[in-house]
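Worksheet for the structure shown next.
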Amino acid sequence: MAHRILRKRKLAPGVYEFWIEHEQISKYAKPGQFLIIRSNEKGERIPLTIVEASKNAVRVIVKCIGKSTYMMAMMNEGDEFLDVVGPLGNPSEIDYYGHVTVIGGGVGIAPLLPITRALKKAKNRITAILGAATAEQLILKDEFEETVDNLILTTDDGTFGKKGLVTERLEELIASGDKPDIIWAIGPTVMMKFVSLIAARENILCWASLNPIMVDGTGMCGACRVEVDGHMKFACVDGPEFDGRKVNWNELIKRQHQYMEEERKALEAFKK
Ligand code: FES
């Protein structure tokens, strides 16, 4: 069944927000879950975390990184996606923990928003550390501002907030004596790895939302396998969130790089 784009908005260079008509997902989606979308018969399946759901529609945010995401970004209001499947994966473990620190990097800031809102609703005190390469890539600042108790912004080039990395801001927070009781980290794999290393050192549970390559999203193909605590897990059915302290990050990073050359070639061919 095709699903219509109700609204589309550019959030940053190469980053787009879509509201897509989908009754079932909007009814059942919980924070932390994702959907798999396919623009047309030639498009690959793209897993995207559900940012928000309301009245028959779901909100997703996509960054153009490969052929399929470019194809999606070229679609406009009124166009229809060939298929949108979800909600998939396990919801985040929302509860009262005390001081929660949510850490988002780049487009990973988007999936962090529904989790942050739910944690706030559960009466947690929340510090958000959001980081991006430049000021214009720092998305959803206002929505986080409205939600959290303490918002820390950082950019790689210093064009907004303090110059540096989210891990440096986390170290500062811990050094100030305001240690988090629990952490959520979503962003580039390398960012989640280093946040998890700090969390392990400080003995803090750190949920990381993994984004390996996915094909079917139902635990059948094995494309999304990750090693957690020495066991093989599938991010689509066992995750997407795992205790970052137990993830074999180096293996995950290696697997993600495996397809980069093919992806680059497909994108070049598409752009011609
Ligand atoms: Fe196929 Fe997870 S995407 S097993």
Side-chain angles (χ1 to χ4, degrees), residues 9 11-12 14-20 22 25-26 28-37 45-54 57-65 69 72-73 84-94 100-122 124 126-132 137-144 146-148 151 153 166 182-193 195-196 206-214 217 224 226 235-244 247 252 256:
R9 186 167 67 115
L11 297 185
V15 180
Y16 296 89
E17 169 187 287
F18 290 90
W19 275 95
I20 304 163
H22 202 305
I25 300 182
S26 69
Y28 300 110
K30 295 212 171 72
Q33 289 187 300
F34 64 98
L35 50 78
I36 290 190
I37 202 161
R45 294 178 168 86
I46 312 168
L48 291 170
T49 306
I50 301 157
V51 178
E52 199 174 337
S54 85
V58 284
R59 178 186 182 196
V60 291
I61 291 173
V62 64
K63 183 178 181 177
C64 298
I65 41 171
T69 42
M72 184 172 167
V84 182
V85 182
L88 299 166
N90 299 298
S92 308
E93 285 191 22
I94 305 299
V100 181
T101 297
V102 295
I103 303 176
V107 80
I109 292 170
L112 199 61
L113 183 63
I115 300 167
T116 305
R117 282 179 171 159
L119 286 164
K120 189 66 214 168
K121 234 175 158 183
N124 291 285
I126 302 185
T127 298
I129 303 174
L130 308 181
Q137 308 272 359
L138 208 47
I139 58 170
L140 309 180
K141 290 190 286 291
D142 295 349
E143 285 172 273
F144 273 91
E146 281 165 15
T147 313
V148 304
L151 179 60
L153 301 170
V166 292
I182 189 167
I183 295 173
W184 258 265
I186 312 183
T189 311
V190 176
M191 181 209 96
M192 295 193 284
K193 172 185 169 177
V195 169
S196 299
C206 173
W207 289 112
S209 182
L210 304 189
N211 53 352
I213 292 150
M214 287 192 189
C224 68
V226 287
C236 66
V237 288
D238 300 317
E241 291 178 5
F242 294 96
D243 181 346
V247 171
L252 180 61
Q256 280 179 333

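Computation of the quantities below employed the complete heavy-atom set of this structure, encompassing side-chain atoms and omitting hydrogens, waters and symmetry-equivalent molecules.
Side-chain contact between Tyr16 and Met72 is absent, with no heavy atoms from C-beta onward closer than 4.5 Å. Side-chain atoms of Leu140 and Leu112, non-hydrogen and from C-beta on, never get closer than 4.5 Å to each other. Put simply, the side chain of Phe34 does not reach to within 4.5 Å of the side chain of Pro111, judged on heavy atoms. Using a 4.5 Å heavy-atom threshold, the side chains of Leu138 and Ile109 count as touching. At a threshold of 4.5 Å between non-hydrogen side-chain atoms, the residues Ile20 and Ile25 do not count as touching. Counting heavy atoms from C-beta on, the side chains of Ser92 and Trp207 never come closer than 4.5 Å.
For Leu151 against Phe144, the heavy-atom pair with the smallest separation is CD1-CB, 4.1 Å. Here the shortest heavy-atom pairing between Phe18 and Val62 reads CE1-CG1, 3.6 Å. When all heavy atoms are compared, the tightest approach of Met192 to Gly187 is CE-O, 3.2 Å. Smallest separation of non-hydrogen atoms from Val166 and Val195: CG2-CG2, 4.5 Å. Across every non-hydrogen atom of Pro114 and Ile50, the tightest pair is CG-O, 3.5 Å. Scanning both residues, Pro240 and Gly32, for their nearest heavy atoms gives CG-O, 3.5 Å.
Listed by first then second residue, pairs satisfying salt bridge (charged side-chain N to carboxylate O under 4.0 Å, His left out) with a partner in residues 100-120 read Glu52-Arg117, Arg117-Glu143, Lys120-Asp149, not counting sequence neighbours.
From Arg59, atom CZ reaches atom OG1 of Thr49 across 13.0 Å, with rounding to the nearest 0.5 Å. Once rounded to the nearest 0.5 Å, the distance linking SG of Cys206 with CD1 of Ile103 reads 6.5 Å. With rounding to the nearest 0.5 angstrom, the CD1 atom of Ile126 is 9.0 Å from the OG1 atom of Thr101. Here the CG atom belonging to Leu130 is positioned 11.0 Å from the CD1 atom belonging to Ile186, to the nearest 0.5 angstrom.
Between the side chain of Gln33 and the backbone N or O of Gly89 there is at least one donor-acceptor pair closer than 3.5 Å.
Counting heavy-atom neighbours within 6.0 Å of Lys30 NZ, excluding the residue itself, gives a total of 12 or less.
When the side chain to side chain donor-acceptor pair (under 3.5 Å) test is applied to Thr147, no partner is found at least two apart in sequence or on another chain.
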key: Test log, rule side-chain contact (heavy atoms from CB on, under 4.5 Å), inputs Ile61 and Leu48   = CA-CA 7 Å; Ile61 291 173; Leu48 291 170; over 6 Å; no
Worked check of side-chain contact (heavy atoms from CB on, under 4.5 Å) between Val247 and Val226 = CA-CA 8 Å; Val247 171; Val226 287; 5.6 Å; no
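Exactly one residue among Leu119, Ile115, Leu113, Val51 makes a side-chain contact (heavy atoms from CB on, under 4.5 Å) with Pro31. That residue is Ile115.
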